Amino acid sequence: MIEFLNLKTLNSPYEKQFHQKFDQFLSSGYYILGKEVQQFETNFADYCGTTYAIGTGNGLDAIRLILEAYKILGKLQIGDEIIVPANTYIASILAISQAGLKPVLVEPDITTYNFDTERVLEKINTKTKAVLAVHLYGLVSDWDTLSKVAQSHGLLLLEDAAQAHGAIWNTRKAGNLGDAAAFSFYPTKNLGALGDAGAVTTNDDELAELIKKLRHYGQQQKYVSRHKGINSRLDEIQAAFLNVKLPALDASNLKRRQMASTYIKHIKHPEIILPVFDTQAHVYHQFTIRTKQRDDLKKYLDKHGIQTLVHYPVPPHKQPAYSEWRHESYPVTEQIHREILSLPIRENLTDDEVFYIIDKINRY
Ligand SMILES: *Cc1c(COP(=O)(O)O)cnc(C)c1O
């Protein structure tokens, strides 16, 4: 069986270093917001090219904290409209709702699966205050167009970079494109911890300082809460593991790109649509193909020992939690959710396995 993902084997090259980190951690007796968190914040900001990285408990909270901070800074108000892709993982949208803001869904482009920028313009009105772009499957959203749109309408431009660690637009990395960006280090992401973890990146001094407080009960100093913050700190041991893995991120992304290139070069099937290829802007968090026979192809590959997944089966506007949207229609989003299929793509997939998968798909 070619597994879609196996976290145990994916992390096994780092086991020795993880054990060392854990031993140090155990003997330090310091478990929360210690040296490893500080070190990771420096390392990850350096990696992204930003002035700041602030560790958070997870990616959802990272988005939420950005929005809460802008509310305190007076740049957002309860009820403001935030433009977000209709075709995204639910967390992007939950964060907006939780902050008391209104998610306004925009259809994707059928070739990139990211925002259709023309349609972003259609949704802008006087209540619109921000655009939250999601670099879905690891591909940076069309940043030239989005930044022009945001600038000309005076909107905040934010990134959900939870799937795009290391992706580059022109010369800048994801996380250093918008006013602020959110990352997740959920174990399956391109940079994954051994539990929950996340971060905000930004070049904005005021925002960074505020988010540092908000993640820790809004505390200005110990036991003095300046704001009604939350508890969403990056865990010390997760930061230690991330410090071990960060130096290997570029090499791991390179392997994903090489695999994507092989898939794209060799998969030849009239019924199958491949993702765009880009050696800079795409880090292939997922390698997603599209076909009208998705469910049948999935079964066929399964029968041949190839595990695939659907990212994602239920679009946000069809989620029970958002029943207020159940009568709305987003045909492009719905089509993508019906037709999408993710093939295994991970650094420890062998060439033989990649070519076996290609061969089986071409014979379908
Ligand atoms: C994973 C993910 C999140 C949420 O991250 P968590 O750490 O699981 O909270 C948000 N947005 C996108 C696009 C994601 O893929």
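Not measured: the values here are computed from a predicted model. We count ligands from 1, going down the list as the structure has it; atoms in each ligand are counted the same way. No hydrogens, no waters, no symmetry mates; every other heavy atom, side chains included, goes into these values.
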task: Please report the shortest heavy-atom distance between Ala86 and Pro316, naming the atom on each side.
output: O-CD, 3.2 Å
Go ahead and list the nitrogen or oxygen contacts between ligand 1 and the protein that come in under 3.5 Å, distances to 0.1 Å, or just say none.
{"residue": "ligand 1", "atom": "5 (O)", "partner": "Ser184", "partner atom": "OG", "Å": "3.2"}
{"residue": "ligand 1", "atom": "7 (O)", "partner": "Gly59", "partner atom": "N", "Å": "2.8"}
{"residue": "ligand 1", "atom": "7 (O)", "partner": "Ser184", "partner atom": "OG", "Å": "2.6"}
{"residue": "ligand 1", "atom": "9 (O)", "partner": "Gly59", "partner atom": "N", "Å": "3.3"}
{"residue": "ligand 1", "atom": "9 (O)", "partner": "Leu60", "partner atom": "N", "Å": "2.9"}
{"residue": "ligand 1", "atom": "11 (N)", "partner": "Asp160", "partner atom": "OD1", "Å": "3.3"}
{"residue": "ligand 1", "atom": "11 (N)", "partner": "Asp160", "partner atom": "OD2", "Å": "2.7"}
{"residue": "ligand 1", "atom": "15 (O)", "partner": "Gln163", "partner atom": "NE2", "Å": "2.8"}
{"residue": "ligand 1", "atom": "15 (O)", "partner": "Lys189", "partner atom": "NZ", "Å": "2.6"}

- request: Hydrophobic side-chain clustering at under 4.5 Å (ILVMFWY, transitive links): who's grouped with Val37? Put none if nobody.
  value: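 Cluster partners of Val37: Tyr14, Phe18, Phe22, Phe25, Leu26, Tyr31, Ile32, Leu33, Phe40, Phe44, Tyr47, Phe183, Phe185, Leu191, Leu194, Leu234, Ile237, Phe241, Leu242, Val244, Leu246, Leu249.
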- prompt: Is it the case that Ser97 and Tyr322 place a side-chain donor and acceptor less than 3.5 Å from each other?
  reply: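 Note: Ser97 and Tyr322 side chains meet the donor-acceptor criterion.
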message: Among residues at least two apart in sequence or on other chains, which ones pass side-chain hydrogen bond (donor to acceptor under 3.5 Å, both in side chains) with Asp109?
response: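 By the side-chain hydrogen bond (donor to acceptor under 3.5 Å, both in side chains) rule, Asp109 matches Thr111.
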Asn176: partners by side-chain hydrogen bond (donor to acceptor under 3.5 Å, both in side chains), with sequence neighbours left out: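 So Asn176 forms a side-chain hydrogen bond (donor to acceptor under 3.5 Å, both in side chains) with Asn203.
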- request: Measure the acute angle between the ring planes of His135 and Trp143, then classify it against the limits of 30° and 60° as parallel, tilted or perpendicular.
  value: perpendicular
